[in-house]
Amino acid sequence: MEHQKIKETNVSNLHPENMKIRQPIITVCGHVDHGKTSILDCLRSSCVAEGEAGGITQKISFTSYPMSQLKKACPLVEKSKIHLDIPGFLLIDTPGHAAFTNLRKRGGSLADLAILVIDINEGIKPQTAEVLKILRMNKTPFVIALNKIDNISGWAKREEGLRESIEHQRQNVKQVFDERYMTIIGALDSFGFNADLFFNIEDFSQKIAMVPCSAHTKEGIPELIMVICGLSQKYLINRLKLGEKAKGVILEIKQEKSTHYAEAILYDGQLNRNSEIAVANLDGEPMFTKIRVLEEIEPLCKKFSPQEKVTASTGIRMQLIEKIDILPGMPFVEFKNNKNEIVDLFRKELLENIKTDNHGIIAKADSLGSLEALLVLLREKNIPIVRTGIGSINKKDIINAKANLEINELDAVIAGFNVNLDEEAEEFKKGNAPNLKIITNEVIYKLIDDLIIFRTEKQKEIEKKRLMDLSPVCKLRILHQYVFRNTNPAIFGVKIDGGRLISGLSIIDSQNEKIGKIKNIQSENKSVHEAHEGMEVAISISGINFERVLKDKEFLYTDLGESQFRNFKKNKDLLSSAEIKVLQELSEMKRAKEKSDWGN
């Protein structure tokens with residue numbers, strides 16, 4: 001895939017002594033049960049002395065790995081003789097569902113490289129499929145960690161390298177391994193991705209590397225680190241040139257005692273403690289503030305330490321002087337009296353991805369990147385969006401969605417990705433819009449599925465209501481062999497050639513002559529209110545003598561007024577081809593007997 005190919009860099013032309021290179025930003029993503037957290041913990045602990053391992057928890061947003069520590073922890077990097085100019089890695093772990101979806105910057109993903117974790121025994125799940133779509137949308141290069149090889153029945157961990165370990169498994173175990181990884185290769189191919197085991201690949205710009213591993217036994221983890229190092233050095237160096245301007249993304253706002261901190265990633269440039277920064281709001285307008293305290297995450301540690309200056313890529317924490325309403329996922333840049341340039345940058349960054357329609361649903365998410373991902377997937381399903389927002393679903397959202405109940409019930413829904421209703425909105429909904437549909441989920445693909453189910457059922461409900469508002473149209477074929485009573489009332493058999501029949505309808509013949517009203521309908525000796533196309537039923541009509549009035553007639557029709565006919569024309573999408581044919585015959589009869597422009 002074009003977006004997936006990463007070009008090899010000729011490092012000798014870059015003159016590293018004259019060029020600063022930042023740490024690649026790596027994010028780990030995948031299905032919730034496939035071992036994403038375990039792989040993250042494994043990568044962390046592989047670089048931490050045994051006694052310190054417990055100090056790094058999943059709750060921190062990022063981990064900084066100096067290359068010196070990586071080499072110590074993973075001798076395979078040294079053994080493979082990969083020349084590394086990169087200073088280390090910044091591993092991102094945003095909380096819960098959004099391990100990478102809210103990490104965005106202008107032009108694509110904030111992550112330079114992603115590790116997609118797939119359980120080799122389960123393959124690609126719906127959530128994995130959504131991850132693949134978002135990786136493609138963000139044009140993020142990725143490698144695949146084929147986790148849980150130790151769960152293959154009979155798998156034996158061996159001391160030699162991973163390739164040798166795979167080759168030396170018992171034949172039946174090796175056969176199961178081959179079948180499972182080949183199945184995943186086939187599934188990835190259907191998504192347009194060409195993948196193979198890393199040791200089979202000659203050109204990593206053409207194929208996605210798959211590294212079999214086990215977070216439980218640590219088998220394959222050194223090889224995973226080696227592949228990440230090699231890809232970063234060979235293909236990402238140009239992308240890793242350190243720019244002059246400080247740029248970053250706010251991850252979240254955290255509170256410690258009475259102090260609020262903005263946790264963020266600085267992905268380019270250098271930031272000073274006395275810098276002034278501009279943070280975007282959802283409309284793309286900048287909000288300005290100076291930094292009171294600037295702290296940086298310590299290497300392989302959850303602690304932050306105060307700094308006068310920090311250099312990308314790094315995890316930072318800022319205490320800001322101005323009280324501004326900062327939303328998660330928003331970009332920030334250093335402000336140097338260049339307001340117009342910043343306004344232009346922010347607007348392009350936000351407005352190119354947050355586009356709305358003239359009508360549609362309301363979409364809310366917990367961060368900018370999550371919202372962007374949600375909008376892309378909604379558009380894939382052709383679901384229009386009239387309004388968007390970041391944060392909890394509030395009273396204003398309820399009011400706006402309620403207005404859609406009058407315009408189009410299909411759009412009277414709020415979709416919330418990893419957000420909840422605030423208390424005021426909940427109270428307001430109970431008293432003012434109890435029927436308004438709100439769908440929330442922490443898993444993006446489940447949210448989309450729930451929304452599609454709601455819209456499908458609502459569409460059927462709307463169509464049924466429209467259909468019920470239409471008077472039935474029907475063509476009857478008289479079954480002359482079934483005349484049960486000649487008069488008072490006349491009871492005889494008919495076959496419904498088209499449409500549906502209900503009792504109480506006025507009936508005419510093919511000459512537009514009025515016959516009478518249907519008093520009763522019977523099917524298999526039981527009274528029924530309604531009969532449909534293809535059914536043979538007995539009907540009763542008062543006030544006529546069958547022998548005199550209907551003996552020579554073949555067809556009967558339900559009578560229609562002009563306004564009813566026009567209403568049918570407006571709702572042709574609800575009618576069967578047989579019903580449309582009946583309407584055409586009726587209109588021709590009416591125009592022949594009443595007036596030439598009848599029903600127009």
Side-chain angles (χ1 to χ4, degrees), residues 1-28 43 47 62-74 76-92 100 103-116 135-136 138-145 194 198-199 201-209 211 222-249 265-271 299 310-315:
M1 299 297 295
E2 187 180 334
H3 60 268
Q4 193 56 41
K5 292 176 185 174
I6 39 182
K7 294 178 182 176
E8 185 171 348
T9 304
N10 186 347
V11 179
S12 61
N13 294 336
L14 294 175
H15 305 294
E17 67 274 9
N18 299 322
M19 184 192 76
K20 288 190 175 178
I21 295 169
R22 63 176 178 80
Q23 296 188 110
I25 299 170
I26 310 263
T27 185
V28 182
L43 289 169
C47 297
F62 22 64
T63 306
S64 180
Y65 294 83
M67 185 50 66
S68 56
Q69 200 70 24
L70 257 169
K71 286 179 177 176
K72 280 183 195 173
C74 183
L76 199 58
V77 173
E78 292 277 62
K79 279 184 192 172
S80 62
K81 295 180 182 176
I82 300 171
H83 171 76
L84 295 174
D85 293 309
I86 53 174
F89 291 112
L90 183 67
L91 185 73
I92 305 301
F100 69 107
L103 297 178
R104 294 268 301 158
K105 65 176 182 183
R106 178 136 170 75
S109 172
L110 182 65
D112 299 298
L113 191 67
I115 300 170
L116 174 58
L135 286 170
R136 172 179 289 165
N138 290 349
K139 301 180 180 178
T140 310
F142 63 101
V143 299
I144 293 170
N194 193 3
F198 73 99
F199 47 71
I201 298 175
E202 290 184 6
D203 185 351
F204 284 86
S205 69
Q206 299 297 318
K207 288 191 175 184
I208 292 158
V211 184
E223 283 81 0
L224 182 60
I225 293 171
M226 180 193 72
V227 168
I228 294 166
C229 287
L231 289 177
S232 299
Q233 178 65 30
K234 197 168 186 181
Y235 299 104
L236 298 178
I237 289 292
N238 267 337
R239 179 185 169 109
L240 301 176
K241 289 179 191 175
L242 193 68
E244 293 178 7
K245 295 176 181 176
K247 297 176 186 174
V249 171
I265 295 168
L266 183 71
Y267 65 80
D268 202 4
Q270 290 185 326
L271 189 65
V310 292
T311 303
S313 302
T314 188

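Here, residue 1 is the first one in the sequence, and each next residue gets the next number.
Scored by the side chain to side chain donor-acceptor pair (under 3.5 Å) test, Q270 finds T311 as partners (sequence neighbours excluded). Checked against side chain to side chain donor-acceptor pair (under 3.5 Å), T314 has the following partners two or more places apart in sequence or in another chain: E296. With sequence neighbours excluded, the residues satisfying side chain to side chain contact (heavy atoms under 4.5 Å, CB included) with P299 are P66.
Rounded to the nearest 0.5 Å, atoms NZ (K20) and CD (E244) are 11.5 Å apart. Between I25 atom CD1 and D268 atom CG the span is 9.0 Å, to the nearest 0.5 Å. Taking CD1 of I265 as the reference point, atom NZ of K247 lies at 15.5 Å (rounded to 0.5 Å). The CD1 atom of I26 sits 7.5 Å away from atom CG of L91, with the distance rounded to the nearest 0.5 Å. We find the CG-CG distance between L266 and L271 to be 6.0 Å, quoted to the nearest 0.5 Å. Summarising the geometry, atom CZ belonging to F142 is positioned 12.0 Å from atom CG belonging to L231; distances are rounded to the nearest 0.5 Å.
Nearest heavy atom pair, residue I86 against residue I21, reads CG2-CG2, 4.3 Å. When every heavy atom of V143 is checked against every heavy atom of I208, the shortest pair comes out as CA-CG2, 4.4 Å. Of all heavy-atom pairs spanning F204 and A209, the tightest one is CE2-CB, 3.7 Å. Across M67 and C229, no two heavy atoms sit closer than the pair CE-SG, 4.4 Å. Closest approach of F198 to M226, counting heavy atoms only: CE1-CE, 4.1 Å. Between L240 and S232, the shortest heavy-atom contact is CD1-O, 4.3 Å.
Checked against V211 for a side chain to side chain contact (heavy atoms under 4.5 Å, CB included), the options I225, I115, V227 give a single hit: V227.
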